[in-house]
Amino acid sequence: MVINLYDSATGKQENIVPRRLGEISMYVCGPTVYDVPHLGHGRFALVFDILRRYMEFLGDRVRYVSNITDIDDKIITRAQQEGRSYAEVAREFEDVWWSAMDSLGVARPDDIPHATEYVSLMVDAIGEMVDKGYAYEISDGIYFSTDSISEYGLLAHQRLDKLRAGARVEENDEKRSQLDFALWKRAKVGEPSWPSPWGEGRPGWHTECVVMSLGILGEGFDIHGGGADLAFPHHENERAQSIALGKSFARHWVHNGWVTVGGEKMAKSLGNYTSLSDFLSRSDPRAYRLLVLRSHYRSPMEVTPRTVSDAEESITRLDLLMRRYRVTSDVATFPDPATTFITMEDALQMGASRDGLDEFCQHMDDDLDTPGALAGVFELARKANSAFDAGATEDAERLAVTVQVLCNALGFTFDATDGKEFDEETRKLVQERDAARAARDWQRADVLRDELMRRGWIVEDTPNGTMLRGR
RNA sequence: GGCGGCGUAGCCGAGUGGUUCAGGCAGGGGCCUGCAAAGCCUUGUACAGGGGUUCGAAUCCCCUCGCCGCCUCCA
């Protein structure tokens with residue numbers, strides 16, 4: 001099975017044929033840890049988590065690398081404002097990052113390189129670019145000469161002269177071209193710095209990802225990903241450097257679209273962002289994953305209180321199916337998506353429906369059409385409920401297990417509570433109500449239901465008696 | 001100025017040149033239920049506007065309007 005993905009470099013959908021059969025190497029630009037992450041960061045993390053899981057589902061071994069930029073102008077600025085070290089700032093916000101990732105159910109990358117761990121390799125690379133004539137020195141550091149790369153502009157889909165014509169700022173007269181970017185920034189007084197042949201300083205942002213991706217995954221790795229705004233100039237600049245270094249770079253480029261608010265890009269600078277921690281403290285984290293899955297990864301995605309509560313309702317529907325399924329079945333052990341990637345083979349072994357899996361894959365293979373795949377999952381859920389209603393338990397369970405397995409493949413977990421886990425007082429009310437109902441004392445039963453509802457429960461009657469779920 | 005994207009029913013959001021309105025949420029009707037809840041069934045005459053191509057277009061082409069993004073740090 002081969003997945004097709006839209007490639008930002010060619011502008012077309014391409015078969016992802018890995019450089020080594022059965023092994024996929026993927027590098028995704030991670031966050032700069034200078035502040036709390038917002039929903040936009042959450043989206044890219046989820047998109048690539050889902051892509052990764054799907055490739056594992058197909059049976060490929062994925063090596064997933066995503067970096068942490070832990071040295072950068074913004075980190076330094078913040079550290080100076082708060083009178084602490086850049087490392088403290090970076091540590092703090094990296095911790096926030098990972099705890100948000102855990103809540104979202106994003107599995108850890110296989111490798112998490114930090115920029116500061118690669119400074120000396122970056123210095124080597126910059127030296128090589130200087131030696132080969134791709135870089136030049138001016139008063140505040142070393143710059144890459146974009147004119148030296150004939151293909152520059154591939155990812156921007158623009159020619160060099162057009163790009164130059166559109167350049168908005170001319171902040172540095174010494175640069176040969178406005179498009180040239182810093183490889184090495186000389187340290188000003190009080191700034192953190194590392195030694196180099198060009199004096200104390202720090203690497204420019206665009207160098208770390210080339211050095212780390214090539215260093216860990218090697219030449220010609222399969223997929224390079226990130227948010228759409230990284231395509232230019234960040235990824236363009238990475239590419240330019242790889243050419244200068246004479247190394248073959250990423251075979252495919254994948255970029256995800258924005259989270260929007262009222263049609264506008266969610267961004268720090270616009271102040272229209274919701275931080276992940278705020279979101280996660282108010283809403284079911286799975287709702288965000290569902291929102292991400294429900295829109296195509298390259299489309300803009302609108303997040304509003306209403307879309308979020310819609311998503312929560314949808315999740316509940318699946319939760320209830322899973323509860324229904326577990327009531328009739330002993331199978332309660334599914335792999336935890338946080339640590340395990342389920343494969344199609346596993347799925348078949350667990351009794352999932354071949355047709356259901358095939359339809360799922362058909363959508364996913366088509367440029368990660370998660371909305372289509374998800375529609376199929378809900379369709380299966382409907383059929384499962386139908387079969388349960390009809391008493392066709394065997395069919396129902398096969399359908400339900402398919403839903404379960406596909407959702408696991410997408411990184412979802414379910415609320416597995418059987419609706420009977422609550423405090424003693426509540427338990428007593430439930431028992432009394434069941435007794436009242438058995439005695440056909442409807443008045444008493446209704447009083448008890450009202451009481452339970454007052455306590456925040458949604459009350460359901462099932463063949464197994466009163467069931468509760470939270471509101 | 002250059003390049004690119006978007007505009008789909010109450011809301012979100014896919015999709016495709018042509019029988020059955022992807023799916024979710026919300027709403028109407030029904031079945032089930034002691035009543036509910038959940039579930040199931042059923043119900044929507046959507047594709048910014050205007051031209052054109054076609055036997056047939058929301059889907060292709062042209063124009064107009066509106067919105068947004070990238071070209072600077074940015075997921």
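Each chain gets a letter, A, B and so on, in the order its sequence line appears, and its residues count up from 1.
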Arg202(A) side-chain N/O to Thr116(A) backbone N/O, donor-acceptor pair under 3.5 Å: no

With rounding to whole Å, what would you report as the distance between C32(B) and C41(B) at their C1' atoms? 11 Å

Report the residue (Cys29(A) or Ala156(A)) whose heavy-atom-nearest nucleotide on RNA chain B is the more 5′ of the two. Ala156(A)

Given the C1' atoms of G39(B) and U33(B), what is the spacing between them in whole Å? 11 Å

Write down the distance separating the P atoms in C63(B) and G1(B), rounded off to the nearest Å. 16 Å

Judged by each residue's nearest nucleotide on RNA chain B, which is more toward the 5′ side, Ser309(A) or Arg382(A)? Ser309(A)

Asn237(A) CG to C73(B) C1', straight-line distance once rounded to whole Å: 13 Å

Would you say the base of G23(B) and the side-chain of Glu379(A) have a donor-acceptor pair closer than 3.5 Å? no

Indicate whether OP1 or OP2 belonging to G23(B) is found under 4.0 Å from a side-chain N or O atom of Arg317(A). no

Expressed in whole Å, how much space separates the C1' atoms belonging to G18(B) and U59(B)? 11 Å

Once the angle between the rings of Tyr152(A) and Phe232(A) is folded into 0 to 90°, is it parallel (under 30°), tilted (30 to 60°) or perpendicular (over 60°)? perpendicular

Roughly how many Å is it from NE2 in His157(A) to C1' in C71(B), rounded to a whole number? 13 Å

Say we look at C55(B) and C47(B): how far apart would their C1' atoms be, to the nearest angstrom? 22 Å

Classify the side-chain pair Tyr136(A)/Asp180(A) by whether it contains a donor and acceptor separated by less than 3.5 Å. yes

Candidates G23(B), C70(B), G39(B) - which lies nearest the side chain of Asp389(A): G39(B)

Mate of C3(B) across any strand shown (Watson-Crick or G-U wobble, both atom pairs under 3.5 Å) is G69(B)

Using Watson-Crick or G-U wobble geometry with both distances below 3.5 Å, tell me the partner of C40(B), or none. G30(B)

Taking a pair as Watson-Crick or G-U wobble with both distances under 3.5 Å, which nucleotide is matched to G17(B)? none

How far, in whole Å, is G50(B) from G13(B) if one measures between their C1' atoms? 27 Å

Does Asp446(A) pair with Arg449(A) as a salt bridge, N-O distance under 4.0 Å? yes

C25(B) -> Watson-Crick or G-U wobble partner, both distances under 3.5 Å, gives G10(B)

For atom P, what is the distance between A46(B) and C62(B), given to the nearest Å? 26 Å

Would you kindly give the NZ-to-P distance between Lys162(A) and G4(B), to the nearest whole Å? 11 Å

G44(B) and A26(B), which share atom name C1', separated by this distance in whole Å: 13 Å

Going by an N to O cut-off under 4.0 Å, is there a salt bridge joining Arg159(A) and Asp161(A)? yes

Could you grab the distance from atom CG of Leu217(A) to atom CG of Asp222(A), nearest 0.5 Å is fine? 8.5 Å

Below 4.0 angstrom, N of the basic side chain to O of the carboxylate: do Arg444(A) and Glu432(A) qualify? yes

Considering every strand and a 4.0 Å limit on heavy-atom distances, what is the contact class for Val259(A): base, sugar-phosphate, or nothing? base

Donor-acceptor pair, Asn67(A) side chain versus Cys209(A) backbone, under 3.5 Å? no

Ionic contact status for Lys74(A) with Asp35(A), cut-off 4.0 Å: no

Ordered by number, residues from residues 40-48 of chain A within less than 4.0 Å of RNA chain B (heavy atoms) are Gly40(A), His41(A), Phe44(A)

What nucleic acid atoms does Asp72(A) come within less than 4.0 Å of, heavy atoms only: base, sugar-phosphate, or nothing? nothing

Given atom CZ of Phe232(A) and atom C1' of G69(B), what is their separation to the nearest angstrom? 14 Å

Just the atom pairs and distances: protein N or O near nucleotides 30-37 of chain B's N or O, under 3.5 Å.
| unit_1 | atom_1 | unit_2 | atom_2 | d |
| --- | --- | --- | --- | --- |
| G34(B) | O6 | Arg437(A) | NE | 3.3 |
| G34(B) | N1 | Asp446(A) | OD1 | 3.0 |
| G34(B) | N2 | Asp446(A) | OD1 | 3.4 |
| G34(B) | N2 | Asp446(A) | OD2 | 2.6 |
| C35(B) | O2 | Arg449(A) | NH2 | 2.3 |
| C35(B) | N3 | Arg449(A) | NH1 | 3.0 |
| C35(B) | N3 | Arg449(A) | NH2 | 3.3 |
| C35(B) | N4 | Asp461(A) | OD2 | 2.7 |
| A36(B) | N1 | Asp461(A) | N | 2.9 |
| A36(B) | N1 | Asp461(A) | OD2 | 3.2 |
| A36(B) | N3 | Arg449(A) | NH1 | 3.0 |

Cation-pi check for Phe181(A) against Lys175(A): NZ or CZ below 6.0 Å from the six-membered ring centre and within 45 degrees of the axis, yes or no? no

Between Gln13(A) (side chain) and Asp7(A) (backbone), is there a donor-acceptor pair under 3.5 Å? no

Test item: Asp49(A) side-chain N/O and Val106(A) main-chain N/O as donor-acceptor pair under 3.5 Å: no

When you measure from the side-chain N and O atoms of Lys268(A) to the phosphate of A75(B), is any distance below 4.0 Å, counting only OP1 and OP2? no

Could you check how far CG of Asn385(A) sits from P of A38(B), rounded to whole Å? 12 Å

Send over the distance from Asp35(A) CG to C73(B) C1', rounded to a whole Å. 14 Å

Are Arg469(A) and Asp319(A) close enough for a salt bridge, meaning some N to O gap below 4.0 Å? no

Readout for nucleotides 6-14 of chain B: B = base within 4.0 Å of protein heavy atom, S = sugar-phosphate only, - = neither; 5' to 3' it is ----BBSSS

Leu104(A) has an atom CG; how far is it from atom P of A75(B), in whole Å? 16 Å

Can Asp450(A) and Arg433(A) be counted as an ion pair, charged N to O under 4.0 angstrom? no

What integer distance in Å separates Asp366(A):CG from G15(B):C1'? 10 Å

For Gln158(A), answer base if it contacts any base atom (sugar-phosphate contacts may also be present), sugar-phosphate if it contacts only those atoms, and nothing otherwise; contact means non-hydrogen atoms under 4.0 Å. base

